[in-house]
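Have a look at the structure below, then the notes.
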Amino acid sequence: MKTLIDSISAEVMKAFTDSGYDAKYGKVTLSNRPDLCEYQCNGAMAAAKEYKCAPFMISDKIAEGLKDNAMFESVESVKPGFINLKLSKDYLASVVTSMKEDEGRFGCDKTDDPKTIIVDYGGANVAKPLHVGHLRSAIIGESVKRIGKFMGHHVIGDVHLGDWGLQMGLIIVELKERKPELVYFDENYEGEYPKKAPFTISELEDIYPTASKKSKEDEAFREAAMEATSELQAGRRGYRALLEHILNVSVTDLKKNYDNLNVSFELWKGESDAQPYIPGMVQMMKDEGYAYMSEGALVVDVKEDTDTKEIPPCIILKSDGASLYSTTDLATIVMRMEDYSPDSIIYLADQRQSMHFIQVFRCARKTGLVDDHVKLAHIGFGTMNGKDGKPFKTRDGGVMRLEYLLDEINEEMLKKITENQKEKENLDISDEEAKKTARMVALAAIKYGDLSNQASKDYIFDIERFTSFEGNTGPYILYTIVRIKSILAKYQANGKDLPNGAILPAHSASEKNLMLVLSRFNAMMENAYEELAPHKICAYIYELANAFNGFYHENKILAQEDESIKDSYISLLMLTKGVLETCIDVLGFSAPDRM
Ligand code: ARG
């Protein structure tokens, strides 16, 4: 379905050409004075320069030309040359009716040019607990992926585990101190290694922090860990087998954590998977003359003439021949091109990594790892801060683990929901349902709290505000959906089927406003995809929820006497619910039946 703004523009452009002016001046925008009009066209001002006349002479003519157009209720020419438009109620009703008939899509067509897109997000580091820093990557990445899928693209999410760093060596060395008898440490062992991991997840969770602490205090321990890391990377059998175990145990635990966030990945690849691609890639970069030695390291220049700040060369190999974060990311590009030949790769990572991605992207392009048409994008996100404006910490100042944070919010939500239920005397809700509902609402609170900000901005994680049922919050959106669900359930209470007739022209300003907001859905979604901007969806559903609640408070719905009006209201509610639910699904959360 064409976007409403394009349909309106087409009419106004036609009026421009009919009056002898260039169509380009007929572009319409959403009104910035909703008190005066719904849409506006400011093209007469620009056209006046070309046609050397007063703008209002043009706007008058256009208004005259559009005055009998069935799309509009009113077209006004306002000095100096604005064209103010209000849509006819009949036309708007036909738009929302077609939206409702377009089940599941609500007028938002899938692309006719589907692209293959890899979204690299999550970025958890194996054996290290997920902390709140990983939360943003998971939340935003999941939504970006879902937006792409909704628009009809082939989108593949890859968690891209950090499984190739010093933490592996640290774990190996610490494990060796604890269990030196393990066969993995015997260099002469040639047999098969046991299938069962020599540790549980809770042991693993204890091993890493202990080792990390030791390495800061004990130089010899640190060196041993570095040595183990390079032996592992060089392919020592026993260590490779341990890596497998660490990965398996860790991934099982990570999946559970990501599940709780309603986040899932198509691919569970890690940095280690890219290693086999490094030698060939490095050789190519040398052979083709891109890479050269500088201060002992192998580098590729990536600066460009138009740079306004210094972009240092991309280091491919360190002086000791070891690979780096950039090497791994480049080799991962090689792997992804071979496996999926994607049209674009989108990375979610802290904004502070932006230089790294500039270097990697430029290097990949320059050395031909990707074709010109392949888009590489880094969505850099800001920091999640506590109320003190500093990076979010536990009460005692430690790094906040994701699980604890979720537990805390689930608990807070359960309290609120139980209170709410007492107030409403909904005492038939079981403890189990209350808990499940609390988890759903808590997730909405966290995700909406994050996604409603532009990704690049830092934001303050304010549990109280995020969990509030009022204001621009996830729970408020869910509350609105629950309210609609409950009205629909009451309507159906006596076995009555939901209506499927046309939605009637609006009977009140609040109803028309609701229709106006609904009719912007497809354009909003297209824009959110183009800009990879979930916050646009949040802003939209907040406006939609407000428009619905305005309508709800000003009109009798179930008590409406005229049955055809009542049915039309119910249809409008069904559409509103459908659009809201589609949006929150794309944001990565869902609504309970009651709360
Ligand atoms: N593991 C990294 C971290 O914890 C994030 C990885 C981001 N993705 C990438 N391809 N570099 O910071």
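One-based numbering, in listed order, for ligands and for the atoms of each.
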Which word best sums up how the rings of Tyr258 and Phe265 line up, parallel for under 30°, tilted for 30 to 60°, or perpendicular for over 60°?
-> perpendicular

Would you confirm whether Thr116, through its side chain, and Val155, through its main-chain N or O, come within 3.5 Å as a donor-acceptor pair?
-> no

Cut-off 3.5 Å, side chains only: do Tyr193 and His245 have a donor facing an acceptor?
-> no

Does Asn125 use its side chain to pair, donor to acceptor, with the backbone of Lys128 at less than 3.5 Å?
-> no

Ligand 1 N/O to protein N/O, distances under 3.5 Å:
| unit_1 | atom_1 | unit_2 | atom_2 | d |
| --- | --- | --- | --- | --- |
| ligand 1 | 1 (N) | Gly123 | O | 2.9 |
| ligand 1 | 1 (N) | Asn125 | OD1 | 3.0 |
| ligand 1 | 4 (O) | Gly123 | O | 3.4 |
| ligand 1 | 4 (O) | Asn125 | ND2 | 3.1 |
| ligand 1 | 4 (O) | His134 | NE2 | 3.4 |
| ligand 1 | 8 (N) | Asp120 | OD1 | 3.1 |
| ligand 1 | 10 (N) | Asp120 | OD2 | 2.9 |
| ligand 1 | 10 (N) | Asp329 | OD1 | 2.8 |
| ligand 1 | 11 (N) | Tyr325 | OH | 2.7 |
| ligand 1 | 11 (N) | Asp329 | OD1 | 3.4 |
| ligand 1 | 11 (N) | Asp329 | OD2 | 2.9 |
| ligand 1 | 12 (O) | Gln353 | NE2 | 3.2 |

So does Arg352 have more than 12 non-hydrogen atoms from other groups sitting under 6.0 Å from CZ?
-> no

Under 3.5 Å side-chain donor-acceptor pair for Asp329 and His356 = yes

